[in-house]
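Input: a single structure, listed below in structure tokens.
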Amino acid sequence: MSEVRIAAEPRTEFGKGPSRRIRRANKVPAVLYGHGEQPRHFSLPGHELMLALKHDANALLTLQTESGDQLALPKSIVRDPIKGHLEHVDLVAVRRGERVTVEVPITLIGEAAPDTLVEQQTVTLTISADATALPDHLDLDIAGRRAGTSLAASDVRLPSGTTLVQDPEHVIVAFLGVPTEEELEAELAEAEAELGSGQAGAEAIAEAEALEDGSESDKAGEGDEVGETEAPKSETPAE
């Protein structure tokens with residue numbers, strides 16, 4: 001795994017205003033948790049942090065603080081939904097030799113057998129390893145796999161010193177057969193039938209509502225006529 005040294009400036013101002021000023025200076029607000037200590041607040045250089053986390057979400061950071069170096073791992077990363085730049089980072093303090101539990105991306109290698117569809121149902125694997133020896137990804141070989149089979153978490157080859165945390169039977173990849181032309185036509189016909197049924201139902205509901213509105217209008221009209229008939233007429237006193 002990658003280890004990056006990065007300058008960490010202490011923060012003494014908090015809230016939206018100070019955070020915006022930090023971002024305008026091309027820095028990222030960060031909070032460091034862990035080891036039973038009070039959270040520590042820093043601002044980190046945005047460009048260096050972005051490069052460190054670009055290819056490895058579990059990059060080991062060496063924070064250069066006023067009180068000395070501190071190892072840390074990303075815990076939570078917030079990005080701008082439009083521009084994609086870093087908005088905020090939560091970090092967890094770690095020590096060399098300490099085991100941590102993280103999620104690591106799974107990379108599929110090789111090609112399945114011809115006429116086989118590959119459905120990756122899980123993209124990360126939860127593992128436990130030394131904080132300074134976390135893999136940035138895990139390979140899963142799918143070469144030659146045929147339809148009707150699958151690969152589970154236990155099939156992922158782990159580096160030495162790494163242990164699997166989640167259910168070993170959890171399916172990572174399922175292999176499916178390519179549908180025939182007849183199956184595709186049947187699925188299309190079924191979808192069209194459901195669509196037609198839905199449209200017919202909507203039309204029936206609309207027609208029923210229209211009839212109901214008309215009936216209520218007729219009743220309202222009858223009530224108006226009765227009201228006019230029964231209303232007392234004004235009388236002009238005889239002169």
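The structure presented is a predicted model; accordingly, all values stated were derived computationally and were not measured.
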Quiz item: From His35 NE2 over to Arg95 CZ, what is the distance, rounded to the nearest 0.5 angstrom?
Solution: 4.0 Å
Quiz item: Is there side-chain contact between Leu71 and Arg96, with at least one heavy-atom pair below 4.5 Å?
Solution: yes
Quiz item: Roughly how far, to the nearest 0.5 Å, is the CD1 atom of Ile106 from the CG atom of Leu138?
Solution: 6.5 Å
Atom pairs and distances, donor-acceptor, side-chain atoms in residues 145-162, under 3.5 Å, two or more places apart:
residue	atom	partner	partner atom	Å
Thr149	OG1	Arg146	O	2.6
Ser154	OG	Pro168	O	3.3
Asp155	OD2	Ala152	N	2.7

Quiz item: So, do Lys75 and Leu73 sit near enough that their side-chain heavy atoms are less than 4.5 Å apart?
Solution: no
Practice problem: Output all residues satisfying salt bridge (charged side-chain N to carboxylate O under 4.0 Å, His left out) with Arg5, sequence neighbours left out; order by chain, then residue number. | Solution: Asp69
Practice problem: Could you tell me which non-hydrogen atom of Gly110 sits nearest to which non-hydrogen atom of Ile142, and how far apart they are? | Solution: O-CG1, 3.6 Å
Please tabulate, one pair per line, all N/O donor-acceptor pairs under 3.5 Å involving side-chain atoms of residues 38-45, not counting sequence neighbours.
residue	atom	partner	partner atom	Å
Arg40	NH2	Ser67	OG	3.1
His41	ND1	Arg11	NH2	3.4

Quiz prompt | Leu91 to Pro74 - nearest heavy-atom pair and separation | solution = CD2-CA, 3.8 Å
Exercise. Would you check if Val4 and Leu51 make a side-chain contact, meaning some heavy-atom pair closer than 4.5 Å?
Key: no
Self-check item: Residues in salt bridge (charged side-chain N to carboxylate O under 4.0 Å, His left out) contact with Glu48, at least two apart in sequence or another chain
Solution: none
Quiz item: In the hydrophobic clustering (ILVMFWY, side-chain contacts below 4.5 Å, transitive), which residues join Tyr33, or is it alone?
Solution: Val31
Quiz item: Between CG of Leu63 and CD1 of Ile6, what distance do you get to the nearest 0.5 Å?
Solution: 7.5 Å
Quiz item: Hey, does His85 have a side-chain heavy atom less than 4.5 Å from the side chain of Met50?
Solution: no
Practice problem: Would you sort out whether Thr163 and Arg99 count as a side chain to side chain contact (heavy atoms under 4.5 Å, CB included), showing the intermediate values? | Solution: CA-CA 10 Å; Thr163 56; Arg99 294 188 68 86; 3.4 Å; yes
Quiz item: What are the two closest non-hydrogen atoms of Gly84 and Arg79, and how far apart are they?
Solution: O-NH1, 3.5 Å
Practice problem: Verify the neighbour count for atom CD of Glu98: are there more than 12 heavy atoms of other residues, nucleotides or ligands below 6.0 Å? | Solution: yes
Quiz item: Could you go step by step and tell me if Val104 and Asn58 meet the side chain to side chain contact (heavy atoms under 4.5 Å, CB included) rule?
Solution: CA-CA 8 Å; Val104 179; Asn58 294 315; 4.0 Å; yes
Practice problem: Quick one: do Ile109 and Leu140 satisfy side chain to side chain contact (heavy atoms under 4.5 Å, CB included)? Show the steps, please. | Solution: CA-CA 6 Å; Ile109 58 175; Leu140 179 59; over 6 Å; no
Exercise. Over all heavy atoms of both residues, which pair between Phe175 and Val173 is shortest? Give the atoms and the distance, please.
Key: CZ-CG1, 3.7 Å
Quiz prompt | Gap between atom CG of Leu61 and atom CG of Leu49 - 0.5 Å precision | solution = 6.5 Å
Quiz item: Which atom names give the shortest non-hydrogen contact between Asp136 and Pro105, and what distance separates them?
Solution: O-CD, 3.5 Å
Quiz item: Can you check side chain to side chain contact (heavy atoms under 4.5 Å, CB included) on Val92 and Val100, steps first, answer last?
Solution: CA-CA 10 Å; Val92 57; Val100 295; over 6 Å; no
Exercise. Would you name the heavy atoms of Ser128 and Thr101 that are closest together and state the gap between them?
Key: CB-OG1, 4.1 Å
Under 3.5 Å donor-acceptor pairs involving side-chain atoms of residues 113-126, not counting sequence neighbours:
residue	atom	partner	partner atom	Å
Thr116	OG1	Ala113	O	3.1
Thr116	OG1	Pro114	O	3.3
Glu119	OE1	Gln121	NE2	3.2
Gln120	NE2	Thr122	O	3.1
Thr122	OG1	His170	NE2	2.7
Thr122	OG1	Val171	O	3.2
Thr124	OG1	Glu103	OE1	3.4
Thr126	OG1	Gln166	OE1	3.4

Quiz prompt | Heavy-atom check, side chain of Thr65 versus side chain of Leu32, under 4.5 Å | solution = no
Quiz item: Taking a hydrophobic cluster as the set of Ile, Leu, Val, Met, Phe, Trp and Tyr residues connected by side-chain heavy atoms closer than 4.5 Å, whether directly or through intermediates, do Val78 and Val89 fall within one such cluster?
Solution: no
Quiz prompt | Distance, nearest 0.5 Å, that separates CZ of Arg24 from OG of Ser19 | solution = 10.5 Å
